[in-house]
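Here is the structure we will look at, set down as structure tokens.
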2 protein chains.
Amino acid sequence: MLKTRVPFEFSLSDQNGDLLTAPVQPVSLVNFVAERFRRSVINGSLKPGEEINESQLAERMSVSRGTLREAIRILVGEGLLEKLPNRKARVRTLSPTKFWEIMTTRAIIEGFAARLLAQRLTPEKLARLNEIWEQIYRAAEANDRALFSDWDFAFHQAIMEMSGHELLLETWSKISAWILLMFATQEHTSADMMPNALNHKKIIEAIATGDPEIAETKLKTDLLDQPEYQRFAQAQTASAECIAAPPSDGQK
Amino acid sequence: MLKTRVPFEFSLSDQNGDLLTAPVQPVSLVNFVAERFRRSVINGSLKPGEEINESQLAERMSVSRGTLREAIRILVGEGLLEKLPNRKARVRTLSPTKFWEIMTTRAIIEGFAARLLAQRLTPEKLARLNEIWEQIYRAAEANDRALFSDWDFAFHQAIMEMSGHELLLETWSKISAWILLMFATQEHTSADMMPNALNHKKIIEAIATGDPEIAETKLKTDLLDQPEYQRFAQAQTASAECIAAPPSDGQK
DNA sequence: AGTGTTGGATTGTAGGACAATCCAACACTA
DNA sequence: TAGTGTTGGATTGTCCTACAATCCAACACT
């Protein structure tokens, strides 16, 4: 088989114009495979609970088993796969409880990031948020569900990045695959998009006040008031006050 | 070389009496090596910035390069090592900024866990906290720094575990190596231990009130008021209000 | 001082080998 | 029939060897 490595890969949506000066990131085959895993889980070709046969999959992907195993280690670290010794790796399942956990974790992480961002806001950062918001709005207008999700994700990612808190960003990144998965599984009607878009504007305004308390609270309540959270969280009222009340479901 | 696997490993300090019914966890060699890495970083035999030569270290540890590489992947996922393609893995360094990041991240995670725990507190959980506290107190009395750190860590870990929020626990676990590293690097005088022990009692009391707000706030302020945080965070006043003010240092 | 060039060290990946483990199916026994 | 051995194939865990790709520092050139 081909023994050459995947040399370089640029995320094509590289927003900032300074493509030239931006650090070039070589991508190893292992990372490439890991990314494929993420996408496969997110787009549903790898279903929750599905097991992974190393030799078989390695051959189908035309990579060595070692390479595949390393990729699996990464995904396990990110929580997308689970693995017990001597047993196949499995795609983790997304139960209502897990859903609640993801949303609350996001809430405290993004809430804190918003607090930081509010304190360190610069005109450039604000401009960037507004740019992304434009795209969100446009996607909502165009009724483009996939595009809307992409920019929605980008919005939250931007907040995390601009908060300047590296560890928090890392932590957020590790659960971001779950976030994407949730985006993918929510069956919004087109009616949901526009109010959602307008709400993002309110988030920007909350951050723009410069008041850390307002910014943090806005992000927190916002994440926990999402309809899909409500749906999964069953009878729970998901206000900021009730942030700590998990849904009580039997299945893990 | 030896081709047999490391069969099973029990954490000897397995508190709960039902050793028999508890699930048996086989440990792969990769995990064993990963654990060695963690300990080495924490006890200082692997110094921050130090680079890792795969073949060399693999031979010295009597494991194959593949096994070592998988272990490295795990540690990279936990953030203890950093790795760029085609370059050696390196032990990440703990700058003042990083220190601030760890403490604030802990604060929001543990704070939220305390909130949950306050709401779901049972007599058994409370008893467990008090048991651990006994050990903390005893270690402080005996002036045993290492023992104190161990039980201090166990205390916080117990809060995370008993909060019942799996994802939060996972997230916390991933940065726990950093926490241990901080414990290891703080050069407390013996005088610091007893007040610290007594303060842990106050944490228990805050949780025992059952008021999520009180519990969360107590944990948050507590983590950010630690002397070692103050030391690293330089001129910052680390009250709950100033939670979001990072130290401004040049070196990353 | 700035820019080619080169060789050795190291990482990235493949692929084969085999022991250890698991699991499901079957056989046996009370 | 329920419970308990037994067994063989499938799969994972680990090691090994091999070599291409990459990096880096040292040297040479201009």
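In what follows, chains carry the letters A, B, and so on, assigned in the order in which the sequence lines appear, proteins first and then strands, with residues in each chain numbered from 1. Model, not experiment: these values are computed from the prediction.
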*In whole angstrom, give the distance that lies between atom CZ of Phe32(A) and atom P of dG12(C).*
17 Å
*Does Arg65(B) get its side chain close enough to the base of dG12(C), under 3.5 Å, for a donor-acceptor pair?*
yes
*Is the distance between the ring centroids of His165(B) and Trp100(A) less than 6.0 Å?*
yes
_Less than 4.0 angstrom between a side-chain N/O of Thr67(A) and OP1 or OP2 of dA14(C), yes or no?_
yes
*Could you tell me the separation between the CG atom of Asn31(B) and the P atom of dG13(D), rounded to a whole number of Å?*
10 Å
*Could you please name the partner base of dC27(D), counting Watson-Crick and G-U wobble pairs only when both distances are under 3.5 Å?*
dG4(C)
*Would you say dT13(C) has OP1 or OP2 under 4.0 Å from some side-chain N or O of Ser64(A)?*
no
*Closer than 4.0 Å, any side-chain N/O of Arg69(A) to the OP1 or OP2 of dG13(D)?*
yes
*Given dT11(D), dG13(D), dA14(C), which nucleotide is nearest the side-chain atoms of Asn53(A)?*
dT11(D)
*Residue among Arg38(B), Lys83(B), Arg92(B) satisfying side chain to side chain contact (heavy atoms under 4.5 Å, CB included) with Leu75(B)*: Arg38(B)
*asked:* How many whole angstroms separate atom CD of Glu59(B) from atom C1' of dC16(D)?
replied: 13 Å
*asked:* Looking at dT21(C), I'd like to know if its phosphate oxygens (OP1 or OP2) sit under 4.0 Å from a side-chain N or O belonging to Lys88(A).
replied: no
*With a 4.0 Å cut-off on heavy atoms, is Ile52(B) in touch with a base, just the backbone sugar-phosphate, or nothing at all?*
sugar-phosphate
_Before we go on, tell me: are the rings of Trp178(A) and Phe153(A) under 6.0 Å apart, centre to centre?_
no
*Grab the CD-C1' distance between Glu51(B) and dC24(D) for me, whole Å please.*
11 Å
*What's the CG-C1' distance between Leu84(B) and dC24(D), to the nearest Å?*
15 Å
*Determine which nucleotide pairs with dT12(D), using a 3.5 Å limit on both distances of a Watson-Crick or G-U wobble pair.*
dA19(C)
*Could you walk me through whether Ser173(B) and Ser176(B) pass the side-chain hydrogen bond (donor to acceptor under 3.5 Å, both in side chains) test, one step at a time?*
CA-CA 5 Å; Ser173(B) 298; Ser176(B) 68; 5.3 Å; no
*Check every strand shown and say whether Arg87(B) touches a base, only sugar-phosphate, or nothing at a heavy-atom separation below 4.0 Å.*
sugar-phosphate
*Mapping Gln56(B) and Glu70(A) onto DNA chain C by nearest heavy atom, which one lands closer to the 5' end?*
Gln56(B)
*Base-pairing mate for dA2(D) - Watson-Crick or G-U, with both contacts under 3.5 Å*: dT29(C)
*Under 4.0 Å between a side-chain N or O of Asn86(B) and OP1 or OP2 of dC24(D)?*
no
_With side-chain hydrogen bond (donor to acceptor under 3.5 Å, both in side chains) as the criterion, how do Ser28(B) and Asn31(B) come out once you've worked through the C-alpha distance, each side chain's angles and the decisive distance to 0.1 Å?_
CA-CA 5 Å; Ser28(B) 66; Asn31(B) 281 305; 3.0 Å; yes
_Arg73(B) CZ to dT11(C) P, straight-line distance once rounded to whole Å_ = 12 Å
*Identify which nucleotide among dT14(D), dG12(C), dT11(C) has an atom closest to any side-chain atom of Ser55(B), counting heavy atoms from C-beta outward.*
dT11(C)
_d(CZ, Arg90(B); C1', dC23(D)) in whole Å_ = 14 Å
*If you look at every heavy atom in Glu101(A) and Thr104(A), which pair is closest and at what distance?*
O-OG1, 3.0 Å
*asked:* Can you measure Ile72(A) atom CD1 to dG13(D) atom C1' for me and round it to whole angstrom units?
replied: 12 Å
